[in-house]
Each structure stands twice: as C-alpha cells, then as structure tokens.
Amino acid sequence: MTEVDPELKADVRWQLIERITASPSFLKSARLRDLLRFMAERSLRGQPQDLTEHRIGSAVFGKPQDYSVVEDSSVRVHVRQLRLKLHEYFDGEGREETCIVEIPKGAYTTLFRSAEQRTAAVPTLVAARPVIKSWIRLLPWALAALFLATTLAAWFRHPAIQPPPPPPWPLATLFNSGDHPVQVVVADINYGMMRLVEEKPVSLEQYLSPSYRSGQVFTNPHPTGRETRMMKYLSGSLLTSYADLVVVDTLMRLSGTSSDRLAIRSARELRPRDLEEGTFVFVGSPGSNPWVSYFQDKLNFQEREGVVGESLKFFQNLHPKAGEQELYRGLTFTGSSGEDFATISLLPLANGRGSVLILQGLQQEGTEAAGLFLADAGNRQRLQEALGITSAPGLPVYFEALIRTQAVAGAPNATSIVATRLLHP
C-alpha cells in the first residue's frame, strides 16, 4: 500500500489498525497485514466500491484484472483467516483496547465499535407505577416461577446436548502444538494437469517460479489458440479434487472442539517461509501437491513415476521388511476399479517447531481412502496397535503407514494396513 496521508494517520481508528498489524500475530503474515490495511483504509475513507472480492484480489494479491472469483477463492480464504487473527488479537494483547475491529461475515467492510458493546448489557428493570391491585404486582413473579418450573421439567426430560469431543490421535498432535491454526493445504489440480500437458515432471522450485505460474513455461513455441487459452486458464485458476474435499470434510468433523482452528489453503498460495513454524496437513501426492515432495526424503514409502501420464505410479519401499514388497503399484488412472495405495505420515518440521500430517494416494481414490481411514475409530486403534502404541501417547509419535484400498468405479471401499514405520526425528 502507498503511504497514508496525515489526516488518516491522525484517526484513532487507523492508529488501532497500525497497532494490530504490528502485533506478533501479524508479524509473519504480510498478506494479512496488507489485506487489513487495505480494507480498513477504504472503509475509513468511505470507498465501498473498492471493497469487492475482485477488487481486493487485484489490489492486494496482484491478481490479473480478468481473474475469476468463482475459480479463485484466495480472497475469501484470507479474509476468513483475518477474522481469526483479529479475534486472537482482541482476546490477547488487545484486550484492553477501547475499540474493537470486526469484519462481518459475507462482507469486506471493516467495522469499528466500542469495546463496551462486546457483551450485550443486561437491561435493568425500571420500577413500575404503583398499582392498585396487589395481585398485579405478584404477576411477574408467578410467571417467573412458571417459567422456571417448565425449564426444569424440560431439562430433566431431555438430556443435555453433549459438546463435540476433542480431536483424536493422531490429529491431536497437530492441535496440541500451540494456538496457531492448523493449515490444510489441498492439491493444485491445475499443476497436475499442466504436468500431463507437458509430459514431464515439475520440481517444487519450478512450480514456485513466476514463469511457471504465468504459463510461460509452455514448451510449444507455436501454440494454437486453444492451447494458449488452456494454459492461461490452468495457470490462473485454483482447482482441487473431490477427494480433497472429502478429506477436508473428514478433518473438520474429527477436529471437534478445535474445528475453528482449521485454515484451508491451496498449494499455490504456500511459500517456503510458511514452513518455518506451525502445523500443516498436506493432501495429495507429489503429482498434485508439489509440497509433499518437500518431505519425501524423510519417508520410507516414496511415490515414484516413470513417464508422466503414461506409466503407473507406485510406492517404493526403500527398506522392505520380511513379507513386504519393494514396489506397490496402484490404479492405472483415477476413476477405474481395482487396488490402490496411500500413505498416512506424521512427521516434525525440520526445525522441530511444528508437525506435518501428509495424506497421499497414488490416485485420488487412495487420497480419499486415507482420510476415510482416519475417520474410523477402529482403524485408528488398529494403527496404534501396528505401531506398538498401547495408550494415548504423552509425546508426539511420528510415523508413516502404507494402506491398501479397493476402489470400485472411482469410489474407495475397504481399507487395510499394509506396513508401518516409526520415524525418529
């Protein structure tokens, strides 16, 4: 953003925005700082025409003028994260602020209100005029007694609603690592499609390069109009798979009391510095979520692929134990029937300042099966037994598990554990 004028600097509401964006909660998120400053400035200047999803995407995130907000949800995702950060600020170091900043759901306007309005005041009763009949004075008490009696009767007749349970193992490891959000990074289907178009693998470094994201890496020196439009669409839109949506839904249900700490992000929005600290769930394989390759060297079961788009993908077992195979091959392609494989891996960040859960299948059916496997309490118990965990672990237990699923017409069915490994960071 450009330098604000002296008049805005003198506004106490803008000074509050400056204090918020300088707080520790916002120090590691330049995008959220820029987003809050942009929305607050336009709100204070009375410029609602600039507070649309498309305008914010172009002005704050550098999106092209013709980008589609239907296909690219990054603005909505960041605004949702911003609401959580504001709540964190005013519950923490900003609890003494006399003014509170809010962004209403479904809108992009920044509201400022007095902190006294945080809790609705209980209205006080004003003394009523003297009445002639004494029974009129007793009427409110009679009604209150009747209300109390009916409330108690309803209470004992119907059981109290049970609060949602806390996240089970192994998700509990992610939520026990402080109060920061658990970032669920879903696959970038466009990345997988561009690999198929180019018929060659793409490294994480290439994926992060500006030329790749702009579609300029297209190797055909004389593309047709159709190819040009397709590459522009693939490089400018954000798409994920149905399997990833199933996994996200599963994670939200498993998160229980901590579901509000889940933050959904596209693989395209992540940057290497984001991995310096925090907890993450990566959904998909290196063929659809390139960030999974960042952790491949820590794992025993690693995905391999021959010619992109032509060869079967498989998991290579680097150190087979007795009775295990060296290679585990899956489906020919997504949507077919047969046997597919997936891995569930929990490991620490390289610097030990967070944890990472990876759910990856050779095809989408395998990825979906990994999420459904964790949703079943019996499967979680069997996984603990396979890892030699006899009770709820006090310290994080890092592991990887290879599971098998039977897919029928694109839908995963029965799953079973094939092999496990304990990881020792």
Taking the six-membered ring for Trp and the full ring for Phe, Tyr or His, determine whether the centres of W169 and F399 are under 6.0 Å apart.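 That pair passes the under 6.0 Å test.
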Would you say the ring centers of F295 and F282 fall short of 6.0 Å from each other?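 That pair passes the under 6.0 Å test.
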Residues that [X] engages under ring-ring contact (aromatic ring centres under 6.0 Å, His included), provided they are two or more places apart:
X: F314; answer: none
X: F341; answer: Y328
X: Y242; answer: none
X: H54; answer: Y67

Evaluation steps, salt bridge (charged side-chain N to carboxylate O under 4.0 Å, His left out), between E41 and R45: CA-CA 6 Å; E41 181 189 14; R45 293 185 187 279; 3.0 Å; yes
Any chance you could lay out the side chain to side chain contact (heavy atoms under 4.5 Å, CB included) test for L347 and I358, step after step, and finish with the verdict? CA-CA 8 Å; L347 59 159; I358 301 175; 4.0 Å; yes
Under the salt bridge (charged side-chain N to carboxylate O under 4.0 Å, His left out) rule, what do R273 and E276 come out as? Steps first, then yes or no, please. CA-CA 6 Å; R273 286 189 177 275; E276 292 180 356; 3.3 Å; yes
Check [Y] with [X], please: is the shortest side-chain N to carboxylate O separation under 4.0 Å?
X: R380; Y: D376; answer: no
X: E102; Y: R83; answer: no
X: E97; Y: R19; answer: yes

Can you tell me if [X] uses its side chain to pair, donor with acceptor, with the backbone of [Y] under 3.5 Å?
X: S29; Y: F26; value: no
X: S288; Y: G284; value: no
X: D340; Y: G366; value: yes
X: S337; Y: V408; value: no
X: R353; Y: A350; value: no
X: S58; Y: R55; value: no
X: H78; Y: S74; value: yes
X: Q302; Y: Q296; value: yes
X: Q15; Y: K9; value: yes
X: E303; Y: L362; value: no

Walk me through whether K28 and E277 qualify under salt bridge (charged side-chain N to carboxylate O under 4.0 Å, His left out). CA-CA 10 Å; K28 293 187 178 181; E277 183 177 8; 2.4 Å; yes
The criterion is side chain to side chain contact (heavy atoms under 4.5 Å, CB included); which residues satisfy it with [X], sequence neighbours excluded?
X: T240; value: V186, A187, D244, L245
X: S416; value: R404
X: E88; value: S25, K85
X: A375; value: T250

Please report the shortest heavy-atom distance between A369 and T415, naming the atom on each side.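 Nearest pair, atom of A369 first, then T415: CB-CG2, 3.9 Å.
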Tell me every residue that passes side-chain hydrogen bond (donor to acceptor under 3.5 Å, both in side chains) with [X], counting only those two or more places apart in sequence or in another chain.
X: Q81; result: none
X: R265; result: Q183, D274
X: R31; result: none
X: Q364; result: none

Walk me through it: do S266 and E269 pass the test side chain to side chain contact (heavy atoms under 4.5 Å, CB included)? CA-CA 5 Å; S266 168; E269 297 177 319; 4.1 Å; yes
Kindly determine whether T420 and L402 satisfy side chain to side chain contact (heavy atoms under 4.5 Å, CB included), including the steps that lead there. CA-CA 6 Å; T420 59; L402 177 69; over 6 Å; no
Sub-4.5 Å side-chain heavy-atom contact between [X] and [Y]:
X: P48; Y: R42; value: no
X: L327; Y: R304; value: no
X: V182; Y: V281; value: yes
X: T110; Y: R37; value: no

Between Y108 and I103, is the side chain to side chain contact (heavy atoms under 4.5 Å, CB included) condition met? List the steps. CA-CA 6 Å; Y108 300 106; I103 302 171; 5.6 Å; no
Is the number of heavy atoms from other residues, nucleotides or ligands within 6.0 Å of CD (Q49) greater than 12?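 Counting other residues, nucleotides and ligands, CD of Q49 exceeds 12 neighbours.
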Whether the N300 and N317 side chains hold a donor-acceptor pair (N or O, under 3.5 Å, no angle test) is what I'd like checked.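 There is such a pair between these side chains.
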Check: T173/Y398 side-chain N/O donor and acceptor closer than 3.5 Å: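 Y398 and T173 do not have a side-chain donor-acceptor pair below 3.5 Å.
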